[in-house]
Amino acid sequence: MVLDANWAVKWLTLCAQAMAEHRVELIELDRAIGDSDHGENMDRGFQAVLAKLGESTPETPGAALKMTAMTLMSKVGGAAGPLYGTAFLRAATALGDSAQIDPSAWADALAAARDGIVARGKAESGDKTMVDAWTPAVDAARAAADGGSTDVLGVLVAAAEAAEAGAVATDPMIARKGRASYLGERSAGHRDPGAVSSALILRAAVGAAA
């Protein structure tokens, strides 16, 4: 499988499907420790991305991610819009005008996205945020790429599985950032919705390449 513009469009399409399918789950997760809007916001944002893709077809993966960034920033409310917008924009910048993405480039793009989220949200690993999904994903992708893997699907899978495990690992954490931090110890025992939506996005990247 080649990670080109067609793959990127399929990835974003699958992201939109995932956000629609998991909308209620994300709302419920956010209701427990946030303000209940994450599922609605993510669904609305990626439906807007779908609409943009219907208007014009990006020529490169980077162009697709830049379009996604601009759309999410304008359509998604709450903290998610700026955070995901920054993530996709940083990833797009890392990819540049390349027509195809190899394992190392994917690892670089994930790292750029994660760094954008950290810069924007000022969160670190262990704060019970989406960073707790992104950082394991970055580490897994980099390890696979640096290990000499030429199997880009394997690198995608490694990142997605690490993000999913990272999301689960937020369950016992005490939130130190965002609205959830107002709950203090009461935030423990709940999964972070941003980490879950991040894992859904990275799993969709696998589906687009499968």
> What heavy-atom pair brings Ala91 and Ala109 nearest, and what distance separates the two atoms?
Replying inline: CB-O, 3.7 Å
> Atom CD1 in Ile201, atom CG in Leu14: separation rounded to 0.5 Å?
Replying inline: 12.0 Å
> Taking all atoms of both residues into account, what is the closest heavy-atom pair of Ala210 and Leu153, and its distance?
Replying inline: N-CD1, 4.5 Å
>> Quick check for you: to the nearest 0.5 Å, what is the distance between Gln17 atom CD and Met19 atom CE?
In response: 11.5 Å
> Pick one: which of His38, His22, Glu25 meets side chain to side chain donor-acceptor pair (under 3.5 Å) with Ser197?
Replying inline: His38
> Do Met73 and Thr86 have side chains that get closer than 4.5 Å, going by heavy atoms?
Replying inline: yes
>> Using every non-hydrogen atom in the two residues, find where Val138 and Leu110 come nearest and quote the distance to one decimal.
In response: CG2-O, 3.5 Å
> Does a side-chain heavy-atom distance below 4.5 Å link Ile117 with Met130?
Replying inline: yes
> Which atoms form the tightest heavy-atom contact between Ala159 and Ala141, and what is the distance?
Replying inline: CB-CB, 4.2 Å
>> So Arg114 and Val118, do their side chains get closer than 4.5 Å, heavy atoms only?
In response: yes
> Counting N and O atoms only, with roles assigned by atom type, does the side chain of Ser98 sit under 3.5 Å from a partner on the main chain of Ile101, one being a donor and the other an acceptor?
Replying inline: no
>> Are Glu161 and Leu202 packed together at the side-chain level, in the sense that at least one heavy-atom pair is separated by less than 4.5 angstrom?
In response: no
>> Working note: Phe88 + Leu72, criterion side-chain contact (heavy atoms from CB on, under 4.5 Å); need CA distance, chi angles, decisive distance, verdict.
In response: CA-CA 9 Å; Phe88 277 101; Leu72 294 180; 3.8 Å; yes
> Ignoring hydrogens and geometry, is there a side-chain-to-backbone donor-acceptor pair from Lys128 to Pro172 under 3.5 Å?
Replying inline: no
>> If you count every heavy atom of other residues, nucleotides or ligands that lies below 6.0 Å from Glu59 atom CD, does the total exceed 12?
In response: no
> Would you say Trp134 and Asp115 make side-chain contact, with heavy atoms under 4.5 Å?
Replying inline: no
> Is there a donor-acceptor pair under 3.5 Å between the side chain of Asp127 and the backbone N or O of Thr129?
Replying inline: no
> Does any non-hydrogen side-chain atom of Leu65 lie less than 4.5 Å from one of Leu89?
Replying inline: no
> Is there a side-chain contact between Arg23 and Glu40, using heavy atoms and a 4.5 Å cut-off?
Replying inline: yes
> Which distance, rounded to the nearest 0.5 Å, do you find between the NE2 of His190 and the CG of Leu29?
Replying inline: 10.0 Å
> In Å, rounded to the nearest 0.5 Å, how long is the span from CG of Leu12 to OG1 of Thr68?
Replying inline: 4.0 Å
>> Working to the nearest 0.5 angstrom, can you tell me the gap between Glu185 CD and Ile174 CD1?
In response: 4.5 Å
> Side chains of Tyr84 and Ser198: do they bring a donor and an acceptor to under 3.5 Å?
Replying inline: yes
> Asp4: what forms a salt bridge (charged side-chain N to carboxylate O under 4.0 Å, His left out) with it, not counting sequence neighbours?
Replying inline: none
> When you look at Asp102 and Val152, which way does the side-chain contact (heavy atoms from CB on, under 4.5 Å) test go after all the steps?
Replying inline: CA-CA 6 Å; Asp102 62 19; Val152 71; over 6 Å; no
> Does Val206 share a hydrophobic cluster with Val168, counting links as ILVMFWY side-chain heavy atoms below 4.5 Å and allowing steps through other members?
Replying inline: no
> How would you list, by chain and number, every residue that makes a side-chain contact (heavy atoms from CB on, under 4.5 Å) with Arg142, sequence neighbours excluded?
Replying inline: Ser104, Ala107, Asp108, Ala145, Asp146
>> Does the plane of the ring in Trp106 sit parallel, tilted or perpendicular to the ring in Trp11? Use 30° and 60° as the thresholds.
In response: perpendicular
> Say you draw a straight line from CG of Leu156 to CG of Leu3; how long is it, rounded to the nearest 0.5 Å?
Replying inline: 5.5 Å
> Taking the side chain from Asn41 and the backbone from Asp37, do they hold a donor-acceptor pair closer than 3.5 Å?
Replying inline: yes
> Given side chains that start at C-beta, do those of Ile27 and Arg31 come closer than 4.5 Å, heavy atoms only?
Replying inline: yes
